[in-house]
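Since the structure comes first, as structure tokens, the remarks are kept for the end.
Lettering follows sequence order; numbering is per chain, from 1. Atoms considered below: every heavy atom in the structure, side chains included; atoms not considered: hydrogens, waters and symmetry mates.
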Protein chains: 2
Amino acid sequence: MNLSKTSKYAFRILSHMAKDEKALYSAQQLHKEIDVPEKYLRRLLTDLSKHGFIKSIQGRQGGFTFNRDINQITLLEIVDAIDGLDSINECILGYESCAFSHSCPMHNIWEETKQKTIKTLTDTTLSDIHKSIVGVN
Amino acid sequence: MNLSKTSKYAFRILSHMAKDEKALYSAQQLHKEIDVPEKYLRRLLTDLSKHGFIKSIQGRQGGFTFNRDINQITLLEIVDAIDGLDSINECILGYESCAFSHSCPMHNIWEETKQKTIKTLTDTTLSDIHKSIVGVN
DNA sequence: TTTAAATGCTACTTGTTTATAGTATTTAAC
DNA sequence: GTTAAATACTATAAACAAGTAGCATTTAAA
Ligand code: FES
Ligand code: FES
């Protein structure tokens, strides 16, 4: 799997916001709390709004808040929105579309690990993240 | 895990060479067989030689052949040589050194998947690759 | 001994991702 | 209304990864 730095930033943002699901967060506040370059963070927040994960409130006293129930947002959706699903289904030898064919010499060796990764991303929602600290399973 | 395109190329090269462990392969031949840009491939082959996986034989009738027993070369060693171990131990939120600390909010959720990936890379050697096609386990 | 076929080296070019700068727009407080 | 604090947009810069070019070196065959 090839997770871009931008997707990691998205995880930072959304997992942080999930701590208090109903709160409104400003870009400046988030910048201080999760250490993502401010300008880049702003762009990413707008992007995440366009993808419908969060919504923006403009003007003074504005900011960002969730637009969907956080137990319905999976990690896979987030990666999909930023990097695309191809980044996850990638062939480990870099050949085209591992998802539909399975012809490369390392496919069998890698398949199980790949599925495990996809399963974790699919099964984990934003609401699971802070639960996990106390070991709920 | 963040596997660079170059590491994928390295996998292509070495897994292909592992089909006939004792053979001597020229860069030109490999280029035709595994579809890696020729100049880049040459550089990578030299690099893999310097890392001791293969050795080069210079001059006319030269080429590359394994320098070590292929059942002793793990996938992890290859990734380590090209991308470094950090690329594997990476924190999923992009914070520093997941390996020694484990303090980010998503660590617990990700840890098992990460370990599965590392285990596969550690346990798989070049000699396992072509065996796996007939389903040996 | 000349030539051809191979690797070795290093500098450069291209492409992609990440980051920044600057300006416009929105809206609540005053 | 004016101001201040927020997001939206777009162009550009910087950093990094991937790919190329060109020449030097090595060595076996002719
Ligand atoms: S085709 Fe290469 S890993 Fe599936
Ligand atoms: S510290 Fe973030 S995944 Fe381990």
**OP:** Look at all strands and tell whether B:Lys8 reaches a base, only sugar-phosphate, or nothing, counting heavy atoms closer than 4.0 Å.
**Re:** nothing

Original post:
Hey, does A:Lys55 reach any base, or is it just sugar-phosphate, or nothing, if we go heavy atoms under 4.0 Å?
Top reply: nothing

Original post:
Quick one: A:Lys32 NZ to D:dA6 C1', roughly how many Å, whole number?
Top reply: 13 Å

**OP:** Let me know the distance between CG of B:Leu3 and C1' of D:dA17, rounded to the nearest Å.
**Re:** 14 Å

Subject >> B:Ser56-B:Ser49 side chain donor-acceptor pair, cut-off 3.5 Å >> reply: no

Original post:
Quick one: does B:Lys39 reach the base of D:dG22 with a side-chain donor-acceptor pair under 3.5 Å?
Top reply: yes

Subject >> Any B:Thr46 side-chain N or O less than 4.0 Å from OP1/OP2 of C:dT7 >> reply: no

Subject >> Residue mapping more 5' on DNA chain D - nearest nucleotide basis, B:Arg60 or B:Pro37 >> reply: B:Pro37

**OP:** Starting at atom CD1 of A:Ile57, determine the distance to atom P of C:dA29, rounded to an integer number of angstrom.
**Re:** 13 Å

Subject >> B:His130 (side chain) donor-acceptor with B:His16 (main chain) under 3.5 angstrom >> reply: no

**OP:** Could you tell me whether B:Gln28 contacts a base, only the sugar-phosphate backbone, or nothing, with contacts defined as non-hydrogen atoms closer than 4.0 Å?
**Re:** sugar-phosphate

Subject >> Side-chain N,O (B:Thr6) to OP1/OP2 (D:dA17) below 4.0 Å >> reply: no

Original post:
What is the nucleic acid contact for A:Ser49, judged by heavy atoms within less than 4.0 Å: base, sugar-phosphate only, or nothing?
Top reply: nothing

Original post:
In whole angstroms, how far is the P atom of C:dA5 from the NE2 atom of B:His31?
Top reply: 17 Å

Original post:
Rounded to the nearest Å, what distance is computed from the CD atom of residue B:Gln58 to the C1' atom of nucleotide D:dT26?
Top reply: 5 Å

Original post:
Quick one: do the B:Ser4 and B:Tyr9 side chains pair a donor with an acceptor below 3.5 Å?
Top reply: no

Original post:
So does B:Glu38 have more than 12 non-hydrogen atoms from other groups sitting under 6.0 Å from CD?
Top reply: yes

Subject >> Position toward the 5' end of DNA chain C (nearest nucleotide), A:Gly59 or B:Tyr25 >> reply: B:Tyr25

Original post:
When all nucleic acid strands are considered with a 4.0 Å heavy-atom cut-off, which category describes B:Lys5: base, sugar-phosphate, or nothing?
Top reply: sugar-phosphate

Original post:
Want to settle it: does B:Tyr9 or A:Arg42 sit nearer the 5' end of DNA chain D, counting the closest nucleotide to each?
Top reply: A:Arg42

Original post:
Is a donor-acceptor pair below 3.5 Å formed from side chain A:Arg43 to base D:dT10, judging by atom type as modelled?
Top reply: no

**OP:** For B:Asp47 and C:dT7, give me the distance from atom CG to atom P, rounded to whole Å.
**Re:** 15 Å

Original post:
B:Leu30 and side-chain contact (heavy atoms from CB on, under 4.5 Å): which partner among B:Arg12, B:Arg42, B:Met17?
Top reply: B:Met17

Original post:
Is there a donor-acceptor pair under 3.5 Å between the side chain of A:Asn71 and the backbone N or O of A:Asp128?
Top reply: no

**OP:** Starting at atom CG of B:Asn2, determine the distance to atom P of D:dC16, rounded to an integer number of angstrom.
**Re:** 15 Å

**OP:** Find which nucleotide of DNA chain C each of B:Lys50 and B:Gln61 is nearest to by heavy atoms, and output the residue with the more 5' nucleotide.
**Re:** B:Gln61

**OP:** Could you tell me the separation between the CD atom of B:Glu38 and the C1' atom of D:dA18, rounded to a whole number of Å?
**Re:** 16 Å

